[in-house]
Amino acid sequence: MPMRKVFSFFFAALILSSYSLFGDGHVLDCVVIDPGHGGKDPGAVSKDKKTREKDLVLKIATLIGNKIKEGYSDSVKVYYTRESDVFVPLQDRADFANGKKADLFISVHINASYKTAPSGHSAHVLGASSNPERDLVAGNLDVCKMENSVITLEDDYHTKYEGFNPDDDASYIFMTLMQGAYYEQSIYFAALVENSLSDNEGPIKVRRGVEQNPFYVLWKTAMPSVLLELGFISNASDLGSLRSEQGREDIAERVYTAFREYKSNYDESMKYGNQ
Ligand SMILES: [Zn+2]
């Protein structure tokens with residue numbers, strides 16, 4: 001092998017090895033916040049029909065975004081996949097975030113159950129289901145199906161999503177093969193959010209933890225991506241917090257705290273990663 005070639009290999013290896021966990025070469029300066037649902041898709045609805053997921057997540061997402069804008073007015077750009085009550089297809093949400101070359105994608109949702117007992121907050125990253133009770137093979141994909149089923153509201157979903165059927169378990173199998181390049185970073189942010197939301201004073205009491213799930217919108221984004229389920233609309237205690245302005249403010253503040261820690265670690269890691 002000619003010497004010049006040896007050197008270029010050597011330098012390529014050096015550059016690659018200097019990449020850290022957050023190795024894409026710059027500080028965190030762009031976030032896309034994704035309020036789930038909207039328009040003709042209300043998301044989950046409270047039992048008394050008075051509260052809809054699409055309205056709650058728009059409010060909470062806006063609070064989170066405002067906090068980031070205030071805290072990092074010069075250094076972080078914040079974009080939303082929607083800023084009003086409009087329907088935005090899942091693919092468009094991912095395309096939007098990819099177009100902005102965002103460093104972090106935060107999808108905001110509220111959970112729901114047919115029963116009134118389940119409650120709590122959880123953070124989801126793309127992957128095969130990590131919880132044995134939510135085993136893919138067993139077909140316990142209720143949350144994912146609920147969040148992904150919005151695809152069927154799109155007129156042309158059969159062609160647009162290339163055979164992806166949100167109701168068919170088999171459609172999820174191939175997604176799980178795509179563990180993704182941003183897995184560790186996504187898990188890290190998800191864990192920070194869960195920690196931040198979890199204490200006795202928290203507005204949403206139960207910690208459900210970090211889970212891996214095949215959410216379509218996470219699959220299609222080319223950056224660390226986390227989907228937050230901030231309480232259950234079907235649970236009286238969670239709903240009480242979500243309906244209260246103070247409760248939403250508290251939730252947003254806790255997500256923002258997690259964001260600050262994530263950014264600080266991300267930027268620090270960049271500093272050493274590129275020396
Ligand atoms: Zn949702």
Side-chain angles (χ1 to χ4, degrees), residues 31-46 51-65 80-94 96-97 104-114 118-127 129 131 134 141-153 166 172 186 189-190 193-194 196-197 202-204 206-221 224-235 238-239 241-243 247-248 250-252 254-256 258-259:
V31 183
V32 167
I33 303 178
D34 173 46
H37 312 278
K40 63 185 172 184
D41 170 23
V45 179
S46 65
T51 306
R52 299 171 300 187
E53 180 184 1
K54 66 172 183 177
D55 302 319
L56 289 176
V57 296
L58 184 59
K59 284 179 181 162
I60 296 170
T62 306
L63 288 172
I64 297 168
Y80 301 95
T81 53
R82 68 179 178 95
E83 291 181 80
S84 58
D85 184 18
V86 291
F87 180 77
V88 183
L90 292 178
Q91 182 67 58
D92 292 7
R93 295 170 192 258
F96 177 79
L104 181 63
F105 179 82
I106 308 172
S107 192
V108 181
H109 288 258
I110 305 296
N111 217 332
S113 168
Y114 296 111
S119 67
H121 53 84
S122 52
H124 305 254
V125 304
L126 178 69
S129 193
N131 183 338
R134 288 218 179 139
L141 285 161
D142 293 348
V143 183
C144 284
K145 279 180 181 166
M146 200 159 59
E147 301 294 12
N148 287 333
S149 66
V150 57
I151 287 173
T152 58
L153 293 177
Y172 290 88
S186 304
F189 180 65
V193 173
E194 278 299 277
S196 182
L197 284 166
I204 305 294
V206 175
R207 175 198 183 108
R208 300 176 77 88
V210 177
E211 288 184 14
Q212 300 175 52
N213 304 100
F215 284 112
Y216 187 88
V217 75
L218 298 180
W219 178 46
K220 288 296 180 178
T221 46
S225 303
V226 173
L227 186 147
L228 305 176
E229 296 278 4
L230 300 169
F232 277 69
I233 206 167
S234 45
N235 175 267
D238 285 5
L239 182 58
S241 294
L242 290 163
R243 276 179 174 164
R248 293 192 298 268
D250 193 353
I251 292 169
R254 285 161 188 273
V255 175
Y256 175 60
F259 172 80

side-chain contact (heavy atoms from CB on, under 4.5 Å) between Y114 and S234, intermediate numbers included: CA-CA 7 Å; Y114 296 111; S234 45; over 6 Å; no
Criterion salt bridge (Lys or Arg N to Asp or Glu O under 4.0 Å) on D85 and K54, from CA distance to verdict: CA-CA 8 Å; D85 184 18; K54 66 172 183 177; 3.1 Å; yes
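Contact check for L63 versus R248: side-chain heavy atoms found under the 4.5 Å cut-off. Between H121 and E194 there is a side-chain heavy-atom pair separated by less than 4.5 Å. A heavy-atom distance below 4.5 Å is found between the side chains of V31 and F259. Looking at heavy atoms from C-beta onward, L230 lies out of side-chain contact with I204 at the 4.5 angstrom threshold.
Between T81 and V88, the shortest heavy-atom contact is O-CG2, 3.7 Å. L239 approaches S46 most closely through the heavy-atom pair CD2-CB, 3.9 Å. Here the closest non-hydrogen pair linking I233 and T51 is CD1-O, 3.5 Å.
With H124 as reference, F215 is the one residue of F215, W219, Y216 to meet the ring pair (Phe, Tyr, Trp, His ring centres under 6.0 Å) rule. If you run side chain to side chain contact (heavy atoms under 4.5 Å, CB included) between D34 and each of I106, L218, V217, only V217 comes through.
Counting only distance, with no hydrogens or angles, the side chain of R208 and the backbone of S119 share a donor-acceptor pair below 3.5 Å. Of the possible polar contacts, none joining the R82 side chain to the G39 backbone as a donor-acceptor pair under 3.5 Å is found. Formation of a donor-acceptor pair under 3.5 Å by the S186 side chain with backbone atoms of P224 is not found in this model. E53 places no side-chain N or O within donor-acceptor distance of the main-chain N or O of G43, the cut-off being under 3.5 Å.
No side-chain donor-acceptor contact under 3.5 Å links E229 and H109.
Look at K59 and D55 and you find no salt bridge, because none of the NZ, NE, NH1 or NH2 atoms lies under 4.0 Å from a carboxylate O.
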